[in-house]
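See below for the structure under consideration.
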Amino acid sequence: MKYYDKLIFELSKPGRIGFSLPDCFGLASEQPRCKAAIWREAPLDLPEVSEVDVVRHYTNLSQMNFGVDTGFYPLGSCTMKYNPKINEELANLPGFTGLHPLQPESTVKGALAVYAAMDKALAAITGMKHFTFLPCAGAHGELTGLMLMREYHMSRGDTARTKVIVPDSAHGTNPASAAVCGLDIVVVKSKADGLVDVESLKPLLGPDIAGIMMTNPNTLGLFERDIKEIAKLVHDCGGLLYYDGANMNPLLGMVRPGDMGFDIMHLNLHKTFSTPHGGGGPGSGPVGVSDKVVPFLHIPHVSGFHGNFGIILRAYAYILMLGREHIRMAGKLATLGANYIKESLKDCYKLPIPTVCKHEFVFDGLLEDNGVSTLDVAKRLLDYGFHAPTIYFPLLFHQAIMIEPTETESLETLDAFIAVMRKIAEEAKADPELLHTAPHNTPIGRPDETTAARQPVLKYD
Ligand SMILES: *Cc1c(COP(=O)(O)O)cnc(C)c1O
């Protein structure tokens with residue numbers, strides 16, 4: 001263990017401080033001005049350390065984590081594309097950061113103009129009519145969108161529509177949002193080629209169906225080629241189509257959900273439009289609607305205190321930077337990169353669906369596994385300095401490894417990743433134990449993930 005791997009509490013020495021200020025106003029001895037009843041009985045147990053210890057503590061902590069700024073992050077379904085630093089610079093302009101949400105409207109016209117411009121830009125990219133910027137995440141957008149769907153049916157007196165159809169490959173938030181919205185979920189099966197089975201869909205459609213939730217390309221990274229027929233079937237039965245836009249990346253500038261027949265959708269600005277995400281930080285899941293749903297959009301179109309405005313700004317900077325001609329390169333490069341990795345590794349890893357993919361694809365474990373699991377492969381990747389892909393999702397396969405390289409990676413990085421994945425496949429044959437016990441050189445090895453998530457130890461005892 002390195003000296004600075006110690007907790008900051010373990011470095012503490014009574015009386016050591018990181019600053020000294022003259023007591024100009026005699027404040028040090030002044031009694032607190034709040035009610036005595038809420039005074040602390042004992043001083044707060046804070047570590048007592050010097051400035052250099054604090055700096056090293058935080059700098060070392062920051063290096064124990066993995067981020068898209070430290071390495072390749074092929075986390076399928078999450079679109080961990082690099083976030084250009086110019087987004088940060090623009091979002092950090094003092095005219096934006098100094099805004100107060102309670103300022104008079106006449107003094108925040110610039111910020112409101114950004115919302116209006118984003119509404120236009122996203123409408124152009126998606127083929128929707130208008131967007132609301134209220135939802136703060138993709139799942140929040142799904143719930144908002146489903147509530148709009150319900151409003152639409154209610155307004156027509158169509159109160160029997162209580163069910164929503166969700167494909168078996170759907171992201172878990174889709175059925176979860178439908179359940180929170182009070183809708184019942186009907187699952188439609190996928191065919192062996194990974195696409196929604198139109199024949200299985202037909203008998204599910206009827207006067208009790210509020211709509212269908214789909215993502216396209218779907219969670220396997222495959223474009224739903226029958227989408228036009230699906231849209232017609234759902235509309236003919238009186239339902240609406242909801243588009244989960246988390247997979248919009250490969251379609252940017254190429255194909256629009258509005259043209260596919262979708263009525264309501266969300267975008268994950270924090271995925272597709274390159275604003276930082278992960279770790280539960282701020283996000284933005286604007287919801288777009290077609291003409292017939294526009295009357296049900298709530299007013300105002302932003303949430304309390306104008307939503308996560310910083311995220312909107314970053315996405316706006318990204319869209320402006322690429323512009324109409326270049327934005328379509330993002331999806332093409334993401335698709336090219338994913339297919340390149342897939343084809344380069346399919347002789348070592350099981351590829352359950354061998355067709356051309358969009359921005360991501362799924363392996364189902366090693367070709368010759370020798371008892372080596374997908375978890376072992378993911379953990380071993382960390383030893384080589386790559387973030388692990390998404391694993392054990394989607395649930396259609398038992399050893400799923402879902403890889404999404406994104407368009408921001410160079411050919412050299414993709415080649416380095418491919419070489420390491422091949423090396424791990426060799427190691428799995430020669431020395432499976434090496435993989436069972438990986439990772440070997442990260443600060444933490446294999447925590448019990450359930451306990452770590454449910455009973456995290458977050459304070460020094
Ligand atoms: C990430 C994701 C979501 C949920 O988005 P959040 O912003 O994490 O709430 C929904 N659907 C798909 C396909 C996703 O990848």
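For ligands, and for the atoms within them, numbers begin at 1 and follow the listed sequence. Values in this document were obtained by computation on a predicted structure and should not be read as measured data.
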T215 and N247: side chain donor to acceptor below 3.5 Å: yes

Contact residues of ligand 1, where a non-hydrogen atom lies under 4.0 Å away: S77, A137, G138, A139, E142, H171, T173, D244, A246, N268, H270, K271

ring-ring contact (aromatic ring centres under 6.0 Å, His included) against F273, all qualifying residues, sequence neighbours excluded: none

F361 and F363 aromatic ring geometry - parallel, tilted or perpendicular at 30°/60° bounds: perpendicular

Output field: ring centroids F262/Y242 closer than 6.0 Å: no

Exceeds 12 heavy-atom contacts within 6.0 angstrom, atom CD of Q103: yes

side-chain hydrogen bond (donor to acceptor under 3.5 Å, both in side chains) between E407 and N249, worked out: CA-CA 9 Å; E407 68 278 13; N249 205 50; 3.0 Å; yes

